[in-house]
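Contents: one structure, followed by commentary.
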Amino acid sequence: MADVILVTGGTGLVGKAIQEVVESGEKREGEQWHFLSSKECDLSSLEETRELFQRIKPTKVIHLAAMVGGLFHNMANNLAFFRVNMAINDNVLLCAHENGVDKVVSCLSTCIFPDKTTYPIDETMVHDGPPHDSNFGYSYAKRMIDTLNRGYSNEHGRKYTSVIPCNVFGPHDNYNLQAGHVIPALIHKCFVAKRDGTPLQVFGSGKPLRQFIYSHDLARLFVWTLRNYEETAPLILSVDEEHEVSIADAVDAVVEAFGFEGEVNYDTSKADGQYKKTASNDKLRRLHSSFEFTPFKEAVKRSVDWFVENYETARK
Ligand code: NAP
Ligand code: GDP
C-alpha cells in the first residue's frame with residue numbers, strides 16, 4: 001500500500017520547504033503528501049485532530065506544527081508556548097497511535113537544551129538541566145515530545161522519533177518584527193532601512209553565536225530522516241560546528257545581500273538571549289556522510305531575494 005504522508009505545519013517555513021523538495025523530485029511513485037494548515041485543522045483541539053486523522057488516514061507523519069517565535073516573542077509568552085505546544089504534540093501523537101500510523105518524525109530545536117552545559121551539545125543531553133529562562137515554556141513542551149516518543153515506542157512498538165534543528169531561515173519565513181527569528185527580522189528591517197534611507201537597528205550586542213540552517217537543506221534532511229532513520233532517540237540536524245556564526249556575521253551577510261550602505265546600530269539595551277548553543281552533528285555525519293549544506297551567504301542571498309520578490313504577500 002502506498003504511503004499517505006501528513007505534514008503538520010505544512011504552510012510554515014519548514015513545511016513549505018518540504019513541499020518544494022517533495023514536488024521537485026523527492027516524491028516517490030504512489031505516495032500522497034498532505035500539507036496541513038491550521039485553517040484546515042486546529043491541532044490544539046483533540047476533537048478536530050481525531051477527525052483529521054480519520055479523514056486523511058495517514059500512514060506516516062512529519063509533525064512540524066507548533067507555536068513558534070524568536071527570542072522576544074518567547075520572552076513575552078512562555079505560558080502560551082508551553083500550553084499550546086503541549087496540547088498540539090499530545091493530540092498529534094495520540095491520534096497517530098490511535099490510527100495505526102507507524103512512523104512520526106517530530107521537531108524539537110537546539111534552543112531547548114540545558115542553558116548551563118558543556119559544548120558541543122549532543123542528542124543525549126536534551127533532559128540534562130533547565131533550559132534558558134527566556135524560552136522555558138517552548139523548551140519544556142518540546143522536551144516532552146521525546147518523552148511521548150519513548151512511551152509510544154516502549155509500550156506500543158511505534159517508530160515515533162524527533163529531529164533537533166538549529167536556527168532555521170529561508171523563503172516563507174515569519175518576517176514579523178516582534179515574533180520572528182533573527183534572520184527574517186534582520187531581512188525585513190534591512191529592506192525598510194534601504195527603502196527609507198534610515199539606519200538598520202540590530203538588537204543586542206551582536207556577539208551571541210548561532211548555527212543557522214537553510215530551510216531547503218533542513219527539508220531534504222527531514223525527508224531523509226523519514227525514509228532512513230530508525231531510532232526513537234532524537235537526531236540533531238545542524239550545520240557543522242565550524243560554521244557557527246555571530247549575530248554580527250549574520251547582520252553582515254544580510255547587509256551584503258541587500259547592498260545596504262547605510263548606518264548599522266546595535267541596541268545593547270535589548271536582550272542577547274543564550275550566548276551560544278553549539279550543537280554537534282556527528283551523529284548525522286555518521287549516518288548520512290554525503291550531505292552538503294548550502295553555504296550560509298548563498299542561502300541568505302536567496303532568502304533576501306525571495307523576500308524582495310514577495311514583499312507584498314510575505315508573512316509580516
Ligand atoms: P512557522 O513558519 O511559524 O509555521 C508554523 C506552522 O504550524 C504553520 O504551518 C501553522 O499553520 C502551524 N500551526 C501553528 N499552530 C497550529 C495549530 N494550532 N493547529 C495546526 N497547525 C498549527 O514555523 P517553522 O519555523 O516552520 O517551524 C516548524 C517546526 O520547526 C516547529 O516545530 C518549530 O518548533 C521547529 N523549529 C523551528 C526553528 C526556526 O528557527 N524556525 C528552529 C528549530 C525548530 P498556519 O500557518 O496555517 O497557521
Ligand atoms: P534564538 O536563536 O532562539 O535566541 O532566537 P532568535 O532567532 O530570535 O535570535 C536571537 C538573537 O538575535 C539574540 O542574540 C538577539 O539579541 C539577536 N537579534 C538581533 N536583532 C534581532 C531582531 O531584530 N530580532 C530577533 N528575534 N533577534 C535579534
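Nothing here was measured: the structure is a model prediction, and the numbers come from that model. Below, each value reflects all heavy atoms present in this structure, side chains not excepted, and no hydrogens, waters or symmetry copies. Nothing fancy with the numbering, it's 1 onward along the sequence. Remember, it's 1-based here, ligands and their atoms both numbered in the order they're listed.
Checked against a 3.5 angstrom limit, the closest N/O atoms of His63 and ligand 1 fall outside it. Not a single N or O atom of Gly15, backbone or side chain, sits closer than 3.5 Å to an N or O atom of ligand 1. Looking at His181 next to ligand 2, no N or O pair under 3.5 Å apart turns up. No N or O atom of Leu36 sits closer than 3.5 Å to an N or O atom of ligand 1. Taking distance alone, with nitrogen or oxygen atoms compared against 3.5 Å, Lys142 approaches ligand 1 more closely than that limit. Residue Leu108 has no nitrogen or oxygen atom sitting less than 3.5 Å from a nitrogen or oxygen atom of ligand 1, judged on distance alone. Where the criterion is an N or O separation shorter than 3.5 Å, residue side chain and backbone included, Ala65 fails it with respect to ligand 1. The shortest N or O to N or O distance between Cys111 and ligand 2 is not below 3.5 Å.
When each of Ile88, Val7, Val105 is tested with His63 by the rule side chain to side chain contact (heavy atoms under 4.5 Å, CB included), just one qualifies, namely Ile88.
Aromatic ring centres of Phe191 and His188 lie farther apart than the 6.0 Å criterion allows. Taking the centre of each ring, Phe81 and His73 come in below the 6.0 Å mark.
Note: Phe307 and Tyr311 have perpendicular aromatic rings, judged against thresholds of 30 and 60 degrees for the angle between ring planes. Using cut-offs of 30° and 60° for the angle between ring planes, the Phe35 and Trp33 rings count as parallel. The aromatic rings of Phe296 and Phe169 stand perpendicular to each other, their planes meeting at an angle above 60°, with 30° marking the opposite boundary.
Neither the backbone nor the side chain of Lys270 comes within 4.0 Å of ligand 2, counting heavy atoms alone. At a heavy-atom cutoff of 4.0 Å, ligand 1 is contacted by no atom of Ser106, backbone or side chain. In Cys166, the part holding a heavy atom less than 4.0 Å from any atom of ligand 1 is the backbone. Only the side chain of Arg210 comes within 4.0 Å of ligand 2, judged by heavy-atom distances. Under 4.0 Å from ligand 1, the heavy atoms of Val68 that appear belong solely to its side chain. At a 4.0 Å heavy-atom cut-off, ligand 1 does not touch Phe169 at all. Residue contacts with ligand 1, taken as heavy atom pairs separated by less than 4.0 Å, do not involve His172 at all.
A salt bridge links Lys60 to Asp3: one of the charged nitrogens lies within less than 4.0 Å of a carboxylate oxygen. Between Arg285 and Asp240 there is a salt bridge, since a side-chain N of the basic residue sits under 4.0 Å from a carboxylate O of the acidic one. A salt bridge links Asp217 and Arg220; the closest N-O separation between the charged side-chain nitrogens and carboxylate oxygens is under 4.0 Å. Between Lys27 and Glu23 no salt bridge is recorded (no basic side-chain N to carboxylate O distance below 4.0 Å).
Side-chain contact annotation: Glu241 with Thr278, donor-acceptor N/O pair under 3.5 Å absent. Residues Ser38 and Asp42 bring no donor and acceptor atom of their side chains to less than 3.5 Å of each other. Checked by atom type, the side-chain pair Tyr229/Lys283 shows a donor-acceptor distance below 3.5 Å. Residues His216 and Glu20 have side chains that bring a donor and an acceptor to within less than 3.5 angstrom of each other.
Closest to atom 10 (C) of ligand 1, if we only count protein heavy atoms, is Thr11 OG1, 4.0 Å. Distance from atom 35 (C) of ligand 1 to its nearest protein heavy atom, with residue and atom name: Cys107 SG, 3.4 Å. Of all protein heavy atoms, the one lying nearest to atom 20 (C) of ligand 1 is Cys41 O, 3.2 Å. Among protein heavy atoms, the minimum distance from atom 37 (C) of ligand 1 is reached at Val168 CG2, 4.2 Å.
Residue Lys277 approaches ligand 2 through these ligand atoms, each under 4.0 Å from one of its heavy atoms: 1 (P), 2 (O), 3 (O), 4 (O). Listed by number with element, the atoms of ligand 1 under 4.0 angstrom from any heavy atom of Asn167 are 40 (O). The Val14 neighbourhood of ligand 1 comprises atoms 26 (O), 28 (C), with distances under 4.0 Å to a heavy atom of that residue. Residue Arg315 approaches ligand 1 through these ligand atoms, each under 4.0 Å from one of its heavy atoms: 1 (P), 2 (O), 3 (O). Using a 4.0 Å cut-off to heavy atoms of Phe72, the atoms of ligand 2 that qualify are 25 (C), 26 (N), 27 (N). Each of the following atoms of ligand 1 lies closer than 4.0 Å to a heavy atom of Ser37: 47 (O). Ligand-side atoms of ligand 1 in range of Gly9: 6 (C), 7 (O), 8 (C), 9 (O), 12 (C), range being under 4.0 angstrom from any heavy atom. Of all the atoms in ligand 2, the ones that sit under 4.0 Å from a non-hydrogen atom of Val202 are 19 (C), 20 (N).
With atom 16 (C) of ligand 1 as the reference point, the heavy atom nearest to it among Ser38, Gly180, Gly12 is part of Ser38. Around atom 24 (N) of ligand 2, the closest heavy atom drawn from Pro184, Ala185, Ser139, Ser109 belongs to Ala185. The option with the heavy atom closest to atom 19 (N) of ligand 1, from among Leu43, Asp173, Ile112, is Leu43. Which of Ala271, Ala179, Gly273 comes nearest to atom 16 (O) of ligand 2 through a heavy atom is settled by distance: it is Ala271.
In this structure, Asn174 falls outside the shell of residues with a heavy atom less than 4.0 angstrom from ligand 1.
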message: Using the rule given for side chain to side chain contact (heavy atoms under 4.5 Å, CB included), can you reason through Val101 versus Thr59, listing the C-alpha separation, both sets of side-chain angles and the distance that settles it, and then say yes or no?
response: CA-CA 5 Å; Val101 174; Thr59 56; over 6 Å; no
